[in-house]
Every structure is written in structure tokens, then in C-alpha cells.
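Report on the following structure.
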Amino acid sequence: MDIRLGGEASMKVALLKRAWGVDGEGVVLRLLQHFEASEEQSVPETSPSVGVSVEPGMVAVHARYAGHKVPGEYDPASEALVIPSGPAQGRYKSPSGAATAVLQAYNPDVAPHRNGWSFWIVDATGARLQSLRKSSSTAEED
């Protein structure tokens, strides 16, 4: 599908391409990802993802990135995050470490640094993982 843009929209897309270091398709995907994340916050999921088994004490979470829904399990005790399957599979000591792994796996050309507390979404509530962050934690990332 080809999309034709007028002058102002074309200039804005060109600016985003330079700022984000992506092509036109990358701009559209990133904007759609942002829109999907906004929609998720306004219409929370009421139950964990079908087929996702979560260990006791763990919280089912997910992220949407580059057209992929990535399941995860957050451990409130250690603040570690496990990605049980897919190209970023593994156990990470922080939500931000897990977010970085997802970005590196699905889009290695983009700077992989993300705040994991806002990247991951709690399946049961639709809220950002930040909603479960311990109050004794500092605002800085690990």
C-alpha cells in the first residue's frame, strides 16, 4: 500500500525519519505502536493472555513492540522480569533490561534504551508496570 502525503505531512515524516534513524515504514510502525499502547491503557485487558502460564508469585505482563506482543512475568520480590519465549527469551534483573532485550531482538537498528517500568503492561489491569513498583525504589533505573 502506498500512502501519498502532502507537503506538511511529508516534512514531518522526514523529520521523524532523521530523529529516529528509521525509514518511512519505521516511522509509521513507531506511530502505530504508540497508538496501540494508548489504546491498551484506555481498554485494559481483564485476564492474562490466553495460553500464558505464570509462576506463583509472578505477575503476567506484556509489551507491544514492532508489531509483536511479547509476554513476560514480573517478580515483585526481586523486580526481575522473565521473557518465557521468543527471540528475547531470558531472565533479566530489571524491567529495563528486559525492554532493552526486546528492542535489540526486534529492531537492532534503534537505540535500545527504554524505561522498563513504562514499557511493560500488567495483563490483569492494563496499567503500566510502574503501578506495581515498590515505593521504596528510587526513580532511577538499574
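None of the values given here were measured: they were computed from a predicted structure.
Remark: the backbone N or O of P84 is paired with a side-chain donor or acceptor of Q89 at under 3.5 angstrom.
Here the closest heavy-atom approach between residue I83 and residue P71 is recorded as CG2-O, 3.8 Å. Closest approach of V122 to V61, counting heavy atoms only: CA-CG1, 4.1 Å. Of all the heavy atoms in H113 and T100, the pair that sits closest is CA-OG1, 4.3 Å. A pairwise comparison of heavy atoms in W120 and P95 identifies NE1-O, 3.2 Å as the closest pair. Between Y74 and A80 the shortest heavy-atom distance is CD1-O, 3.5 Å. Here the closest non-hydrogen pair linking Y92 and G97 is CD2-O, 3.8 Å.
Here the CD1-OG distance, from I121 to S131, works out to 10.0 Å after rounding to the nearest 0.5 Å. If you take OG on S78 and CE on M58, they are separated by 7.0 Å, rounding to the nearest 0.5 Å. We find the CG-CE distance between L5 and M11 to be 11.5 Å, quoted to the nearest 0.5 Å. Distance check, rounded to the nearest 0.5 Å: CZ of R133 to CZ of R128 gives 14.5 Å.
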Steps toward side-chain contact (heavy atoms from CB on, under 4.5 Å) verdict (L129, F119)
CA-CA 8 Å; L129 185 56; F119 185 80; over 6 Å; no
Pair V70-H62, side-chain contact (heavy atoms from CB on, under 4.5 Å): steps then yes or no: CA-CA 5 Å; V70 181; H62 70 276; over 6 Å; no
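Residues P76 and L132 are not in side-chain contact: their nearest non-hydrogen atoms beyond the backbone lie 4.5 Å or more apart. Counting heavy atoms from C-beta on, the side chains of R114 and V102 never come closer than 4.5 Å.
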